Asker: 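First the structure, then my questions, so here it is.
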Amino acid sequence: MNSLEQQITSLAKSAVKALYGVEAEDSQIQLQKTRPEFEGNITLVVFPFVKTARKAPQQVAAEIGEKMMADGSGLIAKYNAVQGFLNLTISDSFWVEQLKAINADEHYGRFKHPNVKCPNGKCENDQMLMMVEYSSPNTNKPLHLGHVRNNLLGYSIAQIQEANGWKVVKTNIVNDRGIHICKSMLAWLKFGNGETPESSGKKGDHLIGDYYVRFDKEYKKQIAELTAGGMDEETAKREAPLMQEAQEMLRKWEANDPEVRALWAKMNEWVYAGFDETYRRMGVSFDKIYYESNTYLEGKSEVEKGLASGAFYRREDGSVWADLTKDGLDEKLLLRSDGTSVYMTQDIGTAKLRFQDYPIDKMVYVVGNEQEYHFKVLSILLDRLGFPFGKELVHFSYGMVELPNGKMKSREGTVVDADDLMDKMEEDAREISKDKVNTLQGITEAEANEIARKVGLGALKYFILKVDPRKNMLFNPAESIDFNGNTGPFIQYTYARIRSVLRKSVSDSGLSGEAGLSSVSDSGLSLDPKELALIQRLTEYPSAVRMAGEEFSPAVICNYAYALACDFNSFYHDLSILNEPDGQKKALRLLLAANVAKVLRSAMALLGIEMPERM
RNA sequence: GGUCCGGUAGCUCAGCUGGAUAGAGCAACAGCCUUCUAAGCUGUGGGUCUCGGGUUCGAAUCCCGACCGGAUCACCA
């Protein structure tokens, strides 16, 4: 709640008390932004008081309005009552003060402490720590659009929580071992002829991905041969020589076979080099990376401990299980009968190591909604193993990216590759900017590339982040992502326009946006509705940041940034900044423009979107 | 079948802790560049907020029940 809402709430409460003799609850003071078709800035809904007042809503609104205005010492300039709605017009001087305060705040929209109860009471001094896990790729194929959504959400959530006062540690768990990587290794050994990223010019992750696909192709061939020979499909899948060999390779890996380990290490390096490039380009990063190959043994030993303590049980075939029927779930396998570990085992080990490494107050997993069951189970298992953080873990569950013909499937080749997609976005941005010779004349090739990079990626990131994370979203590869309307480039463009005006102002008259501050007086200045709307929008930024943090939703920031950009463009169209003859007004508009740019930049940074100075 | 999530304009999506005549963008159509960047601005058309009940001054929003779509319930990850 910002200071205006607090002031209005308190005025409204005392008005209700004075007029009707009742103490109003906070929840009864319902404030909302006044709809544009009515006069006013903020509206009090008076229906909650109609009953006690025993008067018509319109009259109640008018009475409260009269009283609030009288007591408000100039805060409320005027009011009007429409049915049960009391529309308050706040004085211009208040808004000017707000603008100055925003301008003075370097970290506007950032909070010192999270808006949650501090569990151990030490948060006044120490920041609370949130660990955010995201990305978590398998090392057998390149990143695709599904990973892109994951990475963008994870990175943005980390930025948003940091702005909300958390100390954030971004982490990644790389699934670098298991049958999937053995498949790629085997196919490379059999069909690769020693191909390397250097020899073929392929990015390492793409090269490995090609062999993963190759494995699947050859494997299917073998299954077909076996079933043609009369074998049933289930048996064929199990008995196919390639699968047998892959499993043998996995056993050798677990037994530390030097040759297998060496090959594994080499091929993983190729993949990491490829991932690093994609991450860098995407603009995401990690503070700490865990590898499954280092955590799965830890998980095994935790499971053994749980077995000893009676939390889990062993079946006759040697496999280890957790009975979750009391929690309304099923029984869950933790170790296979051959003693090898499963996904869950590894996640237990990783969690343990993380909590050893960091004083984590909140653990967040950015993982698709298809794994909701998994995290429900993980939470219970960690709790059962005696880890205090088990119950508290957050599965930030987001929806799938779907193509017009359904889900993406790596093995079926119906994926949108992350690198290709970024290429395409930059090309499109480059193409569009070719028409902008008037504004982009005289820039170097390198500058043009940099603008295309920022704008192309901005379009992609905004396109993905503006959708409510919980919902599935549709991506149609046949239609290119827009650069007009409610898009990243629209907001970047608004920013570039402001920067252009500010540059011109400095070069023409030496007046920067902030420099105009001293000449803006607090009184006697009457605001244009467009100016006022912009200032009011600026005051809403902190609550947008709060809400985005509470709801884990970058989309909230997108919506806010879009609304702010819309307000500015409307202002920009109607009112001139540099040609305004009145010095006071000009100074105010410069100040306003500079702060809109500041907030747009800040908001987009929370989304991981960079701003071009011109475009 | 159990559990979870979703269903809003032709399309992609906001709005969902109850408030005024349900909003954007795209697509379509009509305007606005001699003037701070037209990736912009203004306007027109487009809706049974899936359906049916309930709660109340008031429901797209909350509750119940259908219907439709998705996810999940592996010795996969």
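Fair warning: this is a prediction, and the values are worked out from it, not measured in the lab. Below, read A as the first sequence line, B as the second, and so on, with proteins coming before strands; counting in each chain starts at 1.
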Asker: Base, sugar-phosphate or nothing for Gln30(A)? Non-hydrogen atoms, less than 4.0 Å.
Answerer: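 It contacts base atoms.
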Asker: Are Arg336(A) and A74(B) close enough that a side-chain N or O sits under 4.0 Å from OP1 or OP2?
Answerer: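 So the side chain of Arg336(A) is outside the cut-off, no N or O lying under 4.0 Å from OP1 or OP2 of A74(B).
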Asker: Look at all strands and tell whether Asn476(A) reaches a base, only sugar-phosphate, or nothing, counting heavy atoms closer than 4.0 Å.
Answerer: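 Answer is nothing: Asn476(A) stays at 4.0 Å or more from every strand.
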Asker: So, is Arg35(A) close to the G19(B) phosphate, meaning a side-chain N or O under 4.0 Å from OP1 or OP2?
Answerer: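 Answer no for this pair, as no side-chain N or O of Arg35(A) is under 4.0 Å from OP1 or OP2.
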Asker: Mind pulling the stems RNA chain B is in, i.e. runs of at least three Watson-Crick or G-U pairs, everything under 3.5 Å?
Answerer: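 Stems for RNA chain B, defined as runs of 3 or more consecutive pairs: B:1-7 with B:67-73, B:10-13 with B:23-26, B:28-32 with B:40-44, B:50-54 with B:62-66.
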Asker: What pairs of nitrogen or oxygen atoms, one from the protein and one from nucleotides 40-43 of chain B, lie under 3.5 Å apart?
Answerer:
unit_1	atom_1	unit_2	atom_2	d
G40(B)	OP1	Gly485(A)	N	3.0
G40(B)	OP2	Asn484(A)	OD1	3.4
G40(B)	O2'	Arg497(A)	NH1	2.9
C41(B)	O2'	His573(A)	ND1	3.0
C41(B)	O2'	His573(A)	NE2	3.3

Asker: For the residue pair Leu329(A) and Lys332(A), establish whether any side-chain heavy-atom pair is separated by less than 4.5 Å.
Answerer: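 No - every pair of side-chain heavy atoms lies 4.5 Å or more apart.
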Asker: Please name all residues satisfying side chain to side chain donor-acceptor pair (under 3.5 Å) with Arg497(A), sequence neighbours left out, ordered by chain then number.
Answerer: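 Once residues adjacent in sequence are excluded, the partners of Arg497(A) under the side chain to side chain donor-acceptor pair (under 3.5 Å) criterion are Tyr493(A), Asn569(A).
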Asker: Checking side-chain polar atoms at under 3.5 Å, does Asn87(A) have a donor or acceptor matched by the opposite partner on Thr43(A)?
Answerer: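 Checked: Asn87(A)/Thr43(A) side chains pair up, N/O donor to acceptor below 3.5 Å.
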Asker: Spell out protein contact along nucleotides 3-12 of chain B as letters: B when the base is contacted, S when just the sugar-phosphate is, - when no protein heavy atom is under 4.0 Å; keep the 5' to 3' order.
Answerer: -S-SS----S
Asker: For a quick check of understanding: with a heavy-atom distance under 4.0 Å over all strands, which category does Leu575(A) fall into, base, sugar-phosphate or nothing?
Answerer: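 Since a base atom lies under 4.0 Å of Leu575(A), the category is base.
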Asker: What does Ser433(A) touch in the nucleic acid at a heavy-atom separation under 4.0 angstrom: a base, only the sugar-phosphate, or nothing?
Answerer: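 Base, at least one base atom sits under 4.0 Å.
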Asker: Contact class for Gln492(A) (heavy atom, under 4.0 Å): base, sugar-phosphate, or nothing?
Answerer: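 Since no nucleic acid heavy atom lies under 4.0 Å of Gln492(A), the category is nothing.
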Asker: Please table the atom pairs, donor to acceptor, closer than 3.5 Å between any side-chain atom in residues 454-462 of chain A and protein atoms at least two apart or in another chain.
Answerer:
unit_1	atom_1	unit_2	atom_2	d
Lys461(A)	NZ	Met282(A)	O	2.7
Lys461(A)	NZ	Gly608(A)	O	2.7
Tyr462(A)	OH	Asn486(A)	OD1	2.6
Tyr462(A)	OH	Cys558(A)	O	3.3

Asker: I'd like to know whether Glu610(A) forms a salt bridge (charged side-chain N to carboxylate O under 4.0 Å, His left out) with Arg453(A), so could you lay out the CA-CA distance, the side-chain angles of the two residues, the decisive distance to 0.1 Å, and finally the verdict.
Answerer: CA-CA 9 Å; Glu610(A) 297 172 78; Arg453(A) 187 186 68 80; 3.2 Å; yes
Asker: Can you list, by residue number, the residues of residues 44-52 of chain A that have a non-hydrogen atom closer than 4.0 angstrom to RNA chain B?
Answerer: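 The answer is Val45(A), Phe47(A), Lys51(A).
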Asker: Check whether the side chains of Thr340(A) and Arg336(A) place a donor and an acceptor atom closer than 3.5 Å, and report yes or no.
Answerer: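 Present: a donor and an acceptor within the cut-off.
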Asker: Have a look at Asn87(A) and say if it touches a base, only the backbone sugar-phosphate, or nothing, with a 4.0 Å heavy-atom cut-off.
Answerer: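 The residue Asn87(A) makes base contact.
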Asker: Indicate, with a heavy-atom threshold strictly under 4.0 Å, whether Thr43(A) touches base, sugar-phosphate, or nothing.
Answerer: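 Result for Thr43(A) = base.
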